[in-house]
Amino acid sequence: MSTATVCSVNHLANDPQAEERIASLKRSLGEKLFILGHHYQRDDVIRFADARGDSFKLSQLAARQDRAEYIVFCGVHFMAESADILSQPHQKVILPDLAAGCSMADMADIDQVEECWQFLEDQDVRGVVPITYMNSTAAIKAFCGEKGGAVCTSSNAPAVFKWAYQRGQTVLFLPDQHLGRNTGFKMGIPIDRMALWDPHHEDGNVPLEKLKISPLILWKGHCSVHGRFRPEDVDTVRAKFPAIRVIVHPECLWEVVQKADSVGSTEHIIKAVSQSDPGTQWAVGTEIHLVNRLAKENPDKLIITLDNHGCLCTTMFRIAPKHVLWALENLSEGRVVNQIKVDDSVKYWAQVALDRMLAIA
């Protein structure tokens with residue numbers, strides 16, 4: 001759920017003094033304001049962030065800012081929802097542009113997930129534990145919490161899978177099939193033992209006999225950025241730079257992950273590249289703004305994108321300085337715009353799912 005004040009940002013689109021005005025407003029709002037910037041955010045926005053990181057890290061950090069009344073999250077909708085779930089009662093979470101969504105999160109609609117769950121129950125597919133990736137809506141997190149499951153991140157997915165298999169025979173993984181497939185394979189589950197549930201079919205377009213023997217049911221969702229990388233991209237970059245190391249995010253295709261030298265979360269990628277020796281060459285399979293930032297911050301290394309076309313998160317890119325300025329101007333005048341507020345009943349069960357993850361970790 002979100003609330004927005006009807007107000008146009010168009011008059012700010014070409015404001016040559018936007019940078020100075022944002023800086024001035026930050027100073028005037030002081031400790032009442034805390035701005036979060038996701039790693040994939042554009043440079044002209046993330047420069048104003050008080051903290052940068054992945055969605056879960058930023059949400060946790062925001063909740064620890066006791067004096068901050070306004071949390072402006074420069075990310076996408078599900079991230080702002082997570083921040084609201086974890087935030088303190090006096091804090092208000094603001095998404096500068098409500099159009100900044102996540103195609104992956106949107107691929108798991110709560111009604112479709114409930115229909116899938118009902119089908120599995122009706123067909124006597126027992127011992128199913130639902131696990132959702134952090135990149136999902138609050139409603140999906142709450143569903144997993146209420147049904148005995150948990151949330152996971154790209155870094156702790158194996159630990160959460162292990163926890164789930166101690167409680168059931170099958171994991172239903174939402175919404176990113178690739179992270180689920182890569183995690184399951186890493187844990188020893190053969191690819192042909194995994195079922196892919198298509199939410200646009202009432203039976204998931206999966207034979208019932210396969211559903212009943214599959215230890216891992218993957219939701220047919222994906223990241224529009226990481227899903228663009230192909231195994232031939234790895235071959236191409238290795239042919240051009242024989243000494244290069246390929247590092248990719250686990251949201252990439254299984255075939256890409258199998259060819260990579262290193263696989264891990266955004267934080268893992270940043271750490272591995274930044275701490276490598278001078279002269280090291282890296283081809284990075286993740287969002288282009290992060291790749292370019294890594295190259296700027298590590299001039300002693302060759303850092304390039306794995307895909308020559310550059311994989312841009314278009315929904316994250318929607319947030320521009322004009323949106324940040326508009327939000328801060330309204331706050332300075334006592335108006336809260338674009339507040340993201342999760343319903344209390346949803347928040348409760350989503351918190352349960354998140355708490356389980358934290359206990360596992």
Side-chain angles (χ1 to χ4, degrees), residues 1-55 57-102 105 138 287 289-290 293 312-343 347:
M1 175 182 177
S2 63
T3 57
T5 298
V6 178
C7 180
S8 173
V9 299
N10 291 335
H11 70 291
L12 303 173
N14 299 308
D15 187 345
Q17 297 181 316
E19 181 177 344
E20 293 180 15
R21 293 171 67 189
I22 292 173
S24 176
L25 287 164
K26 283 191 65 178
R27 287 193 297 270
S28 64
L29 288 164
E31 293 181 331
K32 293 173 64 176
L33 173 70
F34 199 70
I35 300 180
L36 306 175
H38 191 272
H39 284 306
Y40 299 165
Q41 192 56 254
R42 51 205 286 176
D43 286 347
D44 57 359
V45 168
I46 206 168
R47 66 194 305 171
F48 301 113
D50 297 303
R52 67 170 78 168
D54 60 27
S55 60
K57 173 185 173 182
L58 290 175
S59 297
Q60 287 182 303
L61 183 59
R64 293 198 291 268
Q65 307 304 312
D66 294 340
R67 298 183 181 180
E69 182 179 350
Y70 308 120
I71 307 297
V72 176
F73 206 134
C74 297
V76 294
H77 196 272
F78 82 81
M79 299 178 187
E81 282 188 329
S82 296
D84 183 62
I85 291 167
L86 295 173
S87 66
Q88 300 181 47
H90 70 282
Q91 295 177 316
K92 297 176 177 63
V93 178
I94 296 160
L95 184 64
D97 183 1
L98 293 180
C102 172
E287 207 274 343
H289 283 98
L290 176 58
R293 196 171 299 125
L312 170 73
C313 180
T314 55
T315 50
M316 189 85 69
F317 191 71
R318 286 180 181 272
I319 295 179
K322 65 179 181 179
H323 299 103
V324 179
L325 176 56
W326 173 71
L328 298 192
E329 283 185 337
N330 277 277
L331 289 177
S332 71
E333 297 171 3
R335 294 188 299 270
V336 177
V337 295
N338 289 11
Q339 181 181 357
I340 303 300
K341 188 169 178 57
V342 179
D343 182 83
K347 183 179 290 189

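Fair warning: this is a prediction, and the values are worked out from it, not measured in the lab.
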* Take Ile71 and Asp84 through the test side chain to side chain contact (heavy atoms under 4.5 Å, CB included) and record every step on the way to the result. => CA-CA 9 Å; Ile71 307 297; Asp84 183 62; over 6 Å; no
* **Sequence-distant partners of Asp43, salt bridge (charged side-chain N to carboxylate O under 4.0 Å, His left out), two or more places apart** =>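 Scan of Asp43 (salt bridge (charged side-chain N to carboxylate O under 4.0 Å, His left out), adjacent residues dropped) gives Arg293, Lys296.
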* With Arg67 via salt bridge (charged side-chain N to carboxylate O under 4.0 Å, His left out) - residues at least two apart ->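 Result, salt bridge (charged side-chain N to carboxylate O under 4.0 Å, His left out) vs Arg67: Glu31.
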* Given side chain to side chain contact (heavy atoms under 4.5 Å, CB included), test Val336 with Leu331 step by step and report yes or no. => CA-CA 6 Å; Val336 177; Leu331 289 177; 4.1 Å; yes
Distance check, rounded to the nearest 0.5 Å: [X] atom [atom1] versus [Y] atom [atom2]?
X: Leu33; Y: Asp50; atom1: CG; atom2: CG; value: 6.5 Å
X: Leu98; Y: Gln339; atom1: CG; atom2: CD; value: 11.0 Å
X: Arg52; Y: His38; atom1: CZ; atom2: NE2; value: 12.0 Å
X: Phe48; Y: Ile35; atom1: CZ; atom2: CD1; value: 8.0 Å
X: Tyr40; Y: Cys313; atom1: OH; atom2: SG; value: 8.0 Å
X: Ile94; Y: Phe34; atom1: CD1; atom2: CZ; value: 14.0 Å

Donor-acceptor contacts, no H, no angles, side chain residues 58-65, under 3.5 Å, sequence neighbours left out:
| unit_1 | atom_1 | unit_2 | atom_2 | d |
| --- | --- | --- | --- | --- |
| Ser59 | OG | Ser55 | O | 2.9 |
| Ser59 | OG | Ala83 | N | 3.3 |
| Gln65 | NE2 | Leu61 | O | 3.1 |

* Show your working on side chain to side chain contact (heavy atoms under 4.5 Å, CB included) between Asn338 and Trp326 and close with a plain yes or no. => CA-CA 10 Å; Asn338 289 11; Trp326 173 71; 3.5 Å; yes
Could you tell me which non-hydrogen atom of [X] sits nearest to which non-hydrogen atom of [Y], and how far apart they are?
X: Gln91; Y: Ser87; answer: OE1-CB, 3.3 Å
X: His90; Y: Asp66; answer: NE2-O, 2.9 Å
X: Ala327; Y: Val337; answer: CA-CG2, 4.0 Å
X: Val324; Y: Cys74; answer: CG2-SG, 4.0 Å
X: Phe73; Y: Leu36; answer: CD1-CD1, 3.5 Å
X: Ile22; Y: Pro321; answer: CD1-O, 3.6 Å

* Backbone N/O of Val342 and side chain of Glu81: donor-acceptor pair under 3.5 Å ->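 Checked: no pair found.
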* To do: Evaluate side chain to side chain contact (heavy atoms under 4.5 Å, CB included) for Ile319 paired with Val76, printing each intermediate quantity in order.
  => CA-CA 9 Å; Ile319 295 179; Val76 294; over 6 Å; no
* Could you point out which residue of Arg42, Met316, Gln41 forms a side-chain contact (heavy atoms from CB on, under 4.5 Å) with His289? =>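 Between His289 and the candidates, side-chain contact (heavy atoms from CB on, under 4.5 Å) is satisfied uniquely by Arg42.
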